Amino acid sequence: MNYWLVKSEPTSWSWDQQVAKGAKGEAWTGVRNHTAKQNLMKMKKGDRAFFYHSNEGKEIVGIVEIVREHYPDPSDPTGKFVCVDLKADKPLKNPVTLNAIKADKRLSEMALLKQSRLSVQPVTADEWKIVSRMGGL
DNA sequence: GCCAACGTTGGC
DNA sequence: GCCAACGTTGGC
């Protein structure tokens with residue numbers, strides 16, 4: 001199983017909206033960046049991803065599960081980009097803020113810090129464990 | 001194919 | 001609101 005991190009501005013798509021979609025999940029569309037696309041294409045059904053609120057909050061608020069692997073993004077008229085379906089798995093008891101991640105030396109290599117603009121990022125198994133623990137899971 | 005101009009993202 | 005990072009566009 002691989003681990004990921006997806007980012008969204010809560011004003012356009014929030015964790016609460018994701019939760020409201022329930023077990024069926026929702027398409028994660030709108031990725032228009034090739035690096036992010038590569039990551040979407042590596043996602044497998046059953047993989048988990050942190051759900052990060054950028055801009056407002058700047059914290060990891062929950063965990064989502066990939067329920068459908070990549071397929072053409074219906075919101076992309078050129079047909080070049082892909083999306084996956086994600087469903088909310090569980091919320092973090094304590095959201096993990098960007099500041100908390102920066103403060104932990106073990107997390108200094110996270111893509112979130114190194115490539116802050118990348119909207120779909122890989123997370124290592126170690127990073128996953130550390131952040132999950134910080135989040136109270 | 002290079003590179004300057006420009007737009008967008010996202011932290012501060 | 002500013003600015004750094006970085007991707008994209010378009011002229012040459």
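Please read these numbers as outputs of a predicted model, since none were measured by experiment. In what follows, every chain begins at residue 1, and chains take the letters A, B, ... in the order their sequences are listed.
Phosphate proximity of B:dG10 to A:K58: absent, as no side-chain N or O sits under 4.0 Å from OP1 or OP2. For B:dT9, neither phosphate oxygen OP1 nor OP2 lies less than 4.0 angstrom from any side-chain nitrogen or oxygen of A:Y52.
Between the CG atom of A:L112 and the P atom of C:dA5 there is a distance of 16 Å, rounded to whole Å. Atom CD in A:Q121 sits about 14 Å away from atom C1' in C:dA5, given to the nearest Å. Computed from coordinates, the A:L118 CG to C:dG7 P distance equals 9 Å when rounded to whole Å. Atoms NZ (A:K37) and P (C:dT8) sit 12 Å apart, rounded to a whole Å. Computed from coordinates, the A:N99 CG to B:dG10 C1' distance equals 14 Å when rounded to whole Å. Whole-Å rounding puts the A:I101 CD1 to B:dG11 C1' distance at 13 Å. Rounded to an integer number of Å, the gap from A:R32 CZ to B:dG7 P is 20 Å.
Aromatic ring centres of A:F51 and A:W28: separated by under 6.0 Å.
Looking at A:S119 and A:R32, their side chains never bring a donor and an acceptor atom within 3.5 Å of each other.
Side-chain atoms of A:K37 come within 3.5 Å of backbone N or O of A:K80 as a donor-acceptor pair.
Listed nucleotides B:dG10, C:dA5, C:dT8 differ in distance to A:R117; the shortest reach to its side chain belongs to C:dA5.
Placement of A:Y3 and A:M43 in two distinct hydrophobic clusters is found when ILVMFWY residues are connected by side-chain heavy-atom separations under 4.5 Å, directly or transitively.
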